[in-house]
Structures are given as C-alpha cells and as structure tokens.
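These notes are about the structure you will find just below.
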Amino acid sequence: MAEYYGGRLDDYKYYHRIHRHRNRRHAVSTGFCLITAFFLLLFVALSLPIIKSVYLLQLNANTASDVPATSVGTELRFGVWGFCATSVLNKPTLLTNSGKCLGPQLGYTISPEIMAVVSNEPELANLVLKAITVLLVLHPVAAGLAFLTLLPVIASCCVYHPAPWISSLVLSVATGLVSTIVFAADIALVTVAKHKLKKDSALNVSLSFGNGVWMVLVGMIFTWIAMVLLSARVCNCCGRRRRDKY
C-alpha cells in the first residue's frame, strides 16, 4: 500500500513538473509575440516628432531638375503627435530627421504657408489632419491593450491556474481587433489622400506610406499569432496530457 501511494505521489510530482515546464514554455512563446507587438505599437504611438524616425505618411513636392536646391521645405512627414518639414538640403535619414518640426502636441494644424510650398490643395491638409486626430486615439489604445494582454501571461509563470490564460485570451481578442482597425485606418488615410491627389493632375506631389504603417502591420500579425497560441493553451490543444486516474 505504501508503495502504491508512493507511486501515485511520484506520478503527481512528475505530472506537475512537466506541466510547469510546458506552461513556462508556452508563456515564453506567447510573451515574445505580445512583447514584440507592444513595442511596435508603442513606437508608432510615440511617432514623429517624439520618435522622429517613425512616421505614418510622407508628402513630397516634386521639383524640376533644373531648379536649384534651397532650404525651403519640400517634404512633409506626419506622425501621431506632429509633423516635420524638410528640404532637399537636409533630407531625413533612416534614424534622424533634422527638419523643422511641430509638436508634440494633442492635435495640430498645418500653417497655410507650409502647405502652399508642397501643395495648393487645402482640402488635402484637412483630410490628413482629421484622420490623424482619429489615429491619435487609436494608436495609444492599441499599445495599451497589448501591454495589458501581456501581464496575465507573465503572471502565468508564477500562478499555475487557467485564469491568467483566459484573461489574456479575452484581452488578446480586443487587442487584435483594435490593431486591425488601426492598420485599416492607416491604409485608408494614405489611400484616400492618394486618390484626392489623382483628381488634380496639376499638382506635382507624391504621397507614400510611412514606416509606421508597416510596423502596425507586423504588430497586428504578432497579436493574432498570440491569440492563436492563447486559444490553444486555454483549449488544451498544446499536447497537454490529462492526468492518469487511479
């Protein structure tokens, strides 16, 4: 009888040791996805002019080749908290932007003088600014939700209970939806602005996506991957074996 109960105790310890190992391994893989998504979304939420190398869209005035280069700003880069105007003499690099910047501030406007240099279409500026106002709210919310989703996963390394996993799964659904909406809004902003530029063929202006849009895309993908991993963990689909009954 003692050997029987001793065997059951050894099996019980072995089961929990294996379970803790799988629990931590799953927490590491899920946590990696959520940490990556959080920092990517956070960087975009703190985009230009706070982090000058991250921006949502770029507006360029295409000057003729025979026109001499001047210090007048011909390129506008828009971020969540402001924008920067640069000229061909001080073009921004991958990590720096030495142009004249406005912000950071909660909501901003573009002066007519600056917009007149790049484009004579005031409605284009209004369109961009209205969209940026919406994104001003959505980007920080997406980053905050990604961080909240990460916290229960970290707690699961110490608390061996399904509650943290279920909480993180529910939050991951909200994070995935919000990040998808943010990405769609970023794409819509540039697409609608490009469509408006095409209507006026007289404007020698080009508009392109900023690196922040693709950072949101990668963050969104990692969020959905984390949701799949969390769903598998909650539904016991990760190869977890049921404890033998005696």
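Numbers for residues simply follow the sequence, beginning at 1.
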OG1/Thr191 to CZ/Phe209 distance, rounded to the nearest 0.5 angstrom? 4.5 Å
Shortest non-hydrogen contact between Val54 and Asn211, atoms and distance: CA-OD1, 3.4 Å
Whether the side chain of His26 engages the backbone of Leu229 through a donor-acceptor N/O pair (distance < 3.5 Å, no angle test) should be reported. yes
Please give me the minimum heavy-atom distance between Val137 and Val141, naming the atom from each residue. O-CG2, 3.1 Å
Donor-acceptor check, side chain of Ser179 to backbone of Ala142, threshold 3.5 angstrom: yes or no? no
Main-chain N/O of Trp165 paired to Ser168 side chain as donor or acceptor, under 3.5 Å: no
Note: Leu171 and Leu148 closest approach over all heavy atoms is CD1-O, 3.4 Å
Give, for atom CZ of Arg77 and atom OG of Ser208, the distance between the pair rounded to the nearest 0.5 Å. 8.0 Å
Name each donor-acceptor pair under 3.5 Å that joins a side chain in residues 39-46 to protein atoms two or more places apart or in another chain, with its distance.
none

In Å and rounded to the nearest 0.5 Å, what is the SG to CG distance from Cys235 to Leu230? 10.5 Å
Please answer: with hydrophobic residues joined when any side-chain heavy atoms are less than 4.5 Å apart, are Met227 and Ile166 in the same cluster? yes
Any side-chain heavy atom of Gln58 sitting closer than 4.5 Å to one from Leu207? no
Minimum heavy-atom distance between Pro152 and Pro164, given as atom pair plus value: CB-O, 3.1 Å
Using the ring of each side chain (for Trp, its six-membered ring), is Phe38 parallel, tilted or perpendicular to Phe147, with breaks at 30° and 60°? tilted
Indicate if Val234 and Val228 have the same hydrophobic cluster label, given that clusters are the connected sets of ILVMFWY residues with side-chain heavy-atom separations under 4.5 angstrom. no
Could you give the side-chain donor-acceptor pairs of residues 212-225 under 3.5 Å, partners two or more places apart or in another chain?
| unit_1 | atom_1 | unit_2 | atom_2 | d |
| --- | --- | --- | --- | --- |
| Thr223 | OG1 | Gly219 | O | 2.8 |
| Trp224 | NE1 | Thr180 | OG1 | 3.0 |

Heavy-atom closest pair, residues Lys52 and Pro49: CG-O, 3.4 Å
Can you see which heavy atom on Cys84 is nearest to which on Leu48, and at what distance? N-CD2, 3.5 Å
Within this structure, what is the CG-CG distance for the pair Leu56 and Asp186, rounded to the nearest 0.5 Å? 5.5 Å
Go through the structure and list residues passing side-chain contact (heavy atoms from CB on, under 4.5 Å) with Val28, not counting sequence neighbours. none
Roughly how far, to the nearest 0.5 Å, is CG of Leu76 from OG1 of Thr86? 8.0 Å
Find the distance between OG1 (Thr30) and CD1 (Ile35) and round it off to the nearest 0.5 Å. 11.0 Å
